[in-house]
There are 2 protein chains.
Amino acid sequence: MAELDPGNVVRLPNARPRAERSGSPCAACPIRDLTVCSALEDWELDRLNGIRMSAELPHGATLFDEGSDADFVYNLTTGCMKLYKLLPDGRRQITGFVFPGDFLGLASASEYIYTAEAVTDSALCRFKRSKLQKLFEEFPKLESRLLTISRDELVDAHNQMLLLGRKTARERIASFLLMLSNRAEELGFPANPVSVPMSRNDIGDFLGLTTETVSRTMTRLKNSDVITLGADRMIAIEDRDALAEMAEGF
Amino acid sequence: MAELDPGNVVRLPNARPRAERSGSPCAACPIRDLTVCSALEDWELDRLNGIRMSAELPHGATLFDEGSDADFVYNLTTGCMKLYKLLPDGRRQITGFVFPGDFLGLASASEYIYTAEAVTDSALCRFKRSKLQKLFEEFPKLESRLLTISRDELVDAHNQMLLLGRKTARERIASFLLMLSNRAEELGFPANPVSVPMSRNDIGDFLGLTTETVSRTMTRLKNSDVITLGADRMIAIEDRDALAEMAEGF
DNA sequence: CGGGGTGTTGAACATATTCAACAACTGTGG
DNA sequence: CCACAGTTGTTGAATATGTTCAACACCCCG
């Protein structure tokens, strides 16, 4: 796992101008406001930076495996990752996609409860759990922020349970596309022709469907003029209201 | 919502002898070690007790509705509750069952993200969120403990996603029965003839199945001598190993 | 070019659902 | 205490949604 090469970091569209106010790279971090770091002042950020390591992953690479020792917590700065659990016969459930600003490994206790794999080339900040724990004592704000983050993850998880347990294939795809579009917007990427970096197979394993069902359902949505399937895994949302109604199960 | 009548509280089997060391009812709480309170000393517990209110709910009663203002957080002391989300046409997903020592409303921000309804007659401690928040500043341990609890909830949620997205009906039922058995044991109730207080319909809505499928699957497990269906919603696990293998998808 | 991975489409199939009937149980009032 | 009504649970038959198996088109990337 190579150290971060700054020249290789893709800046996010909503990046703030590189701050001159502090020497710490964190102060200039484009996703600073989207993650834990938003709880901290510059000087506190310096302390956090002190225990930070950078890492990059090419697409397809595994960051950690389900069941391995959860010594580190990560924060994604660029790219997209997937988290998944496997059954012995290979059935896979992707429990979440990770976008810049999101945490990885938060839900784990002593061992990671899912495998984390890069969907696209990715860059991350890495924190040793034990060191982070010590910082909590110094900055309770940090732990407080982490509680908020974990609460938000719980909200997403509950929505996903509703999706997996009760929604039809069409409703699942609609929910998924809107989720991607909303997250893109939060990150300052275009919300409408939405980028769908993951494969049909990944989408299926996230939505509890097969590749074929994902493909067929997308085609039907295209045929009913709700979306347009473009090149490079781009999808245009032509009728957002219709998609939203579908997603909510109307 | 009546105040807790102490004469009406069913003591849990693993209750410790009523403590004489403190005047606070919390110090004598039978589930004290199972919940947030385990993070606190007696004198700190007194402070927590100061913002505590008691409540009871008969079975079938709703504690709060999805979407209503999340002003309170609750801790179940006796009974069993269910948390669920609804789709506009009435499809329901139960996102979790709540047992003594468990929290309700933790995942919520300004509004509750699920409805909470009593499965059996229940008793709870109620805390005003704003007051609890203030106690956090006084006892960071408390917030720390809450982070652990919410992390554990996240682990459960991820396992449930795997179940809902990828497991067969038989595997879901097996997982469910083992979960009930394990939780019962944690609480000091018998792990083997396991009490299943919720209806087939509730089980179905928790596992993403219909009542009929739950019923049929249970019958098949009975016919293959893995379980025995008793009266009063009791189920005996006859072949725990077989059940465990099923649950894991072997 | 050529080849593996990715995506689409078709046809047969399976698992779980839906609709329906009935049995068992619970609680309530006469 | 029993009778009755409503709820809960079980079972059967028909059905549907999504899966499986299979073939082929596409398209980057080598």
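Chain letters run A, B, ... following the sequence lines, proteins first and then strands; every chain starts at 1. Side chains are part of it too, since the values below use all heavy atoms of this structure and drop only hydrogens, waters and symmetry mates.
Note: CG (A:Asn223) to C1' (C:dT8) measures 12 Å, nearest angstrom. At whole-Å resolution of the value, CZ in B:Arg216 and P in C:dA16 are 11 Å apart. Distance, A:Met198 CE to C:dG5 C1': 18 Å, rounded to whole Å. For the pair A:Leu209 CG and C:dT15 P, the interatomic distance rounds to 18 Å; values are reported in whole Å. Distance CD (B:Glu212) to P (C:dC19): 10 Å, rounded to an integer number of Å. Rounded to a whole Å, the CG atom of A:Leu221 is 15 Å from the C1' atom of C:dT8. What separates CG of B:Leu207 from P of C:dT15 is a distance of 18 Å, to the nearest Å. We find that CZ of B:Arg200 is positioned 12 Å from P of C:dC25, with the value rounded to whole Å.
Put simply, the side chain of A:Asn192 never gets that close to the backbone of A:Val194: no donor and acceptor are under 3.5 Å apart. Side-chain atoms of A:Ser68 never come within 3.5 Å of backbone atoms of A:Phe64 as a donor-acceptor pair (strictly under, hydrogens ignored). B:Thr120 contributes a side-chain N or O that, together with a main-chain N or O of B:Cys80, makes up a donor-acceptor pair within less than 3.5 Å. Distance alone, capped at 3.5 Å, places no donor-acceptor pair between the B:Asn159 side chain and the B:Asp156 backbone. At distances below 3.5 Å, at least one donor-acceptor pair connects side-chain atoms of A:Arg172 with backbone N or O atoms of A:Leu164.
First and last contacting nucleotides of DNA chain D toward chain B (any atom under 4.0 angstrom from a heavy atom, 5' to 3' order): D:dT8 to D:dA13.
Mapped onto DNA chain C by nearest heavy atom, A:Arg233 and B:Gly208 fall at different nucleotides, with A:Arg233 at the one closer to the 5' end. Each of A:Asp232 and A:Val214 was matched to the nucleotide of DNA chain D holding its nearest heavy atom; the match closer to the 5' end belongs to A:Val214.
The side chain of A:Ser215 places an N or O atom within less than 4.0 Å of a non-bridging phosphate oxygen (OP1 or OP2) of C:dT8. Applying the 4.0 Å criterion to OP1 and OP2 of C:dT17, one finds that B:Thr210 has a side-chain N or O inside that range.
B:Glu66 approaches B:Leu86 most closely through the heavy-atom pair OE1-N, 3.6 Å.
Looking at heavy-atom distances under 4.0 Å, A:Ser199 makes contact with sugar-phosphate atoms alone, never a base.
The aromatic ring centroids of A:Phe127 and A:Tyr74 lie 6.0 Å or more from each other. Aromatic rings of B:Tyr84 and B:Tyr114 (six-membered ring for Trp) have centroids beyond the 6.0 Å cut-off, not under it.
Nearest nucleotide to the A:Leu229 side chain, out of C:dA11, C:dT8, C:dA16: C:dT8.
Comparing the local axis fitted to the first five base pairs of the helix from C:dC1-D:dG30 to C:dG30-D:dC1 with the one fitted to its last five gives a bend of 40°, rounded to 10°.
Annotation: side chain of A:Leu177 is not in contact with side chain of A:Arg240 (no heavy-atom distance under 4.5 Å).
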